[in-house]
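None of the values given here were measured: they were computed from a predicted structure. Order of the sequence lines sets the chain letters (A, B, ...), proteins ahead of strands, with each chain counted from 1.
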Number of protein chains: 2
Amino acid sequence: MGGTLRRRGYKLTPQRRAVLRTVALSQDHLTPAAIYDRVRQQHPGIGLLTVYRTLQILTELGFICEVHAGGSCGSYIVGSPEHHHHLICSNCGKVINFTGCNLSELEQRLSQQTGFEIESHLLEFLGCCRSCQKIA
Amino acid sequence: MGGTLRRRGYKLTPQRRAVLRTVALSQDHLTPAAIYDRVRQQHPGIGLLTVYRTLQILTELGFICEVHAGGSCGSYIVGSPEHHHHLICSNCGKVINFTGCNLSELEQRLSQQTGFEIESHLLEFLGCCRSCQKIA
DNA sequence: TTGTAAGTGAAAATAACTTTCATATAGATA
DNA sequence: TATCTATATGAAAGTTATTTTCACTTACAA
């Protein structure tokens, strides 16, 4: 983490470490406010503003990802540099990362049909995880 | 529109008609505030609150869709009852609807691998439309 | 035509996020 | 290791987005 930050001109501060740690330790996606609450338990002085700033940088660097499906807009989950997507439990918020979306064929078709130059895609699945199925 | 609303216990008011009309006439995705501004030109008395409420109902009924990709969270575009997805121009915001996402194979694989019961998916492409390519 | 469930708009409240700025600190460099 | 400076921090205030409450109004079923 330190290396990646420094390479981009950012510094590795205890606050940033704490924010990433908090997101990484959570199974489910968290809002900035929820992250703030958790980080404060270990790091009482931190400001919500620092959390916002840090989330932005960590997203930019690919350490974390924002999720959208199921009203989760503006929540964050730990990420990985490789291209991947999210499968989100609509009940408990648990997120599973997966790779192999295989959308290049569809992208080509769309590009041909519309003349768009395709840059990226957003793909998320919403479902009910095994433990929530048992409860329901 | 009226029939669908009534069937669900909603009423067809001039405000609702105006909001849908505004979204439907736009090529690109609009925020609630932008919709409010446009609707007000034809319908000065309308409140922003009514716009919010209407957007919620129209989304629920499938007349409009919310888009997410490229920081467009909380913007709306006209929709259609059939299953479809969006291709969004990252420059001008223009949205094209398309069908045939063909994700059932991937859904099955994920379901098997994770035990999730998959409910839905969110798929959006971001690109640069033909007219914006010329300008750039 | 009338009754009523649903809808509206105003105002205020809350939530989400950003700006500004003085102070503090990571970490490069001497 | 000490110093220096670009970057980061936190407090406070400001802005934007969204929701709640409530008294009044209206669509539309009977």
Side-chain angles (χ1 to χ4, degrees), chain A residues 1-23 29-61 63-64 66-68 70-77 93, chain B residues 1-23 29-61 63-64 66-68 70-77 93:
Chain A
M1 178 188 188
T4 311
L5 281 167
R6 256 168 255 136
R7 228 167 292 133
R8 299 284 217 100
Y10 297 120
K11 291 176 183 174
L12 179 56
T13 64
Q15 290 88 337
R16 289 179 179 170
R17 211 194 291 268
V19 168
L20 179 55
R21 187 159 186 279
T22 297
V23 177
H29 52 83
L30 299 174
T31 61
I35 294 166
Y36 175 58
D37 286 343
R38 295 193 186 195
V39 172
R40 254 197 313 182
Q41 289 171 20
Q42 308 301 322
H43 209 290
I46 198 170
L48 180 54
L49 167 55
T50 298
V51 173
Y52 275 108
R53 280 187 293 222
T54 302
L55 291 174
Q56 202 171 304
I57 292 170
L58 294 179
T59 302
E60 179 194 327
L61 299 181
F63 286 115
I64 62 174
E66 197 183 344
V67 292
H68 296 267
S72 63
C73 269
S75 295
Y76 294 84
I77 187 81
Chain B
M1 179 187 187
T4 311
L5 281 166
R6 258 168 254 136
R7 227 166 292 133
R8 300 285 217 96
Y10 297 119
K11 292 175 182 173
L12 178 57
T13 64
Q15 290 90 337
R16 289 180 179 169
R17 212 194 291 269
V19 168
L20 179 57
R21 187 160 186 277
T22 297
V23 176
H29 52 83
L30 299 174
T31 61
I35 294 165
Y36 175 58
D37 286 344
R38 295 190 188 198
V39 172
R40 253 196 315 181
Q41 288 170 23
Q42 307 303 322
H43 208 290
I46 198 170
L48 180 53
L49 166 56
T50 297
V51 172
Y52 275 105
R53 281 188 290 222
T54 302
L55 291 174
Q56 203 171 303
I57 291 170
L58 294 179
T59 302
E60 180 195 327
L61 299 182
F63 286 116
I64 62 173
E66 196 184 344
V67 293
H68 296 267
S72 63
C73 271
S75 294
Y76 294 85
I77 188 80

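Residues passing the side chain to side chain donor-acceptor pair (under 3.5 Å) test with B:Gln56: none are found, sequence neighbours excluded.
Note on B:Gly9: only backbone sugar-phosphate atoms sit closer than 4.0 angstrom, heavy atoms only; bases stay farther off. If you check every strand for non-hydrogen atoms under 4.0 Å, A:Gly74 touches nothing. Within 4.0 Å of A:Leu48, counting heavy atoms only, lies no atom of the nucleic acid at all.
Counting only heavy atoms from C-beta on, A:Arg53 has its side chain closest to D:dT9 among D:dT19, D:dT9, D:dT18.
At the phosphate of D:dT18, neither OP1 nor OP2 sits under 4.0 Å from any side-chain N or O atom of B:Gln56. A sub-4.0 Å separation between OP1 or OP2 of D:dC28 and a side-chain N or O of B:Arg6 is present. In this structure, A:Thr50 reaches the D:dG10 phosphate: one of its side-chain N or O atoms is under 4.0 Å from OP1 or OP2.
Five base pairs at each end of the helix from C:dT1-D:dA30 to C:dA30-D:dT1 define two local axes, and these are offset by 40° (rounded to 10°).
In this structure, CZ of B:Arg17 is placed 16 Å from P of D:dT26, rounded to the nearest angstrom.
Bracketed by its first and final contacts, the part of DNA chain C lying under 4.0 Å from non-hydrogen atoms of chain A reaches from C:dA16 to C:dA28 in 5' to 3' order.
Map B:Lys11 and B:Ile46 each onto its nearest nucleotide of DNA chain C; the residue landing nearer the 5' end is B:Lys11.
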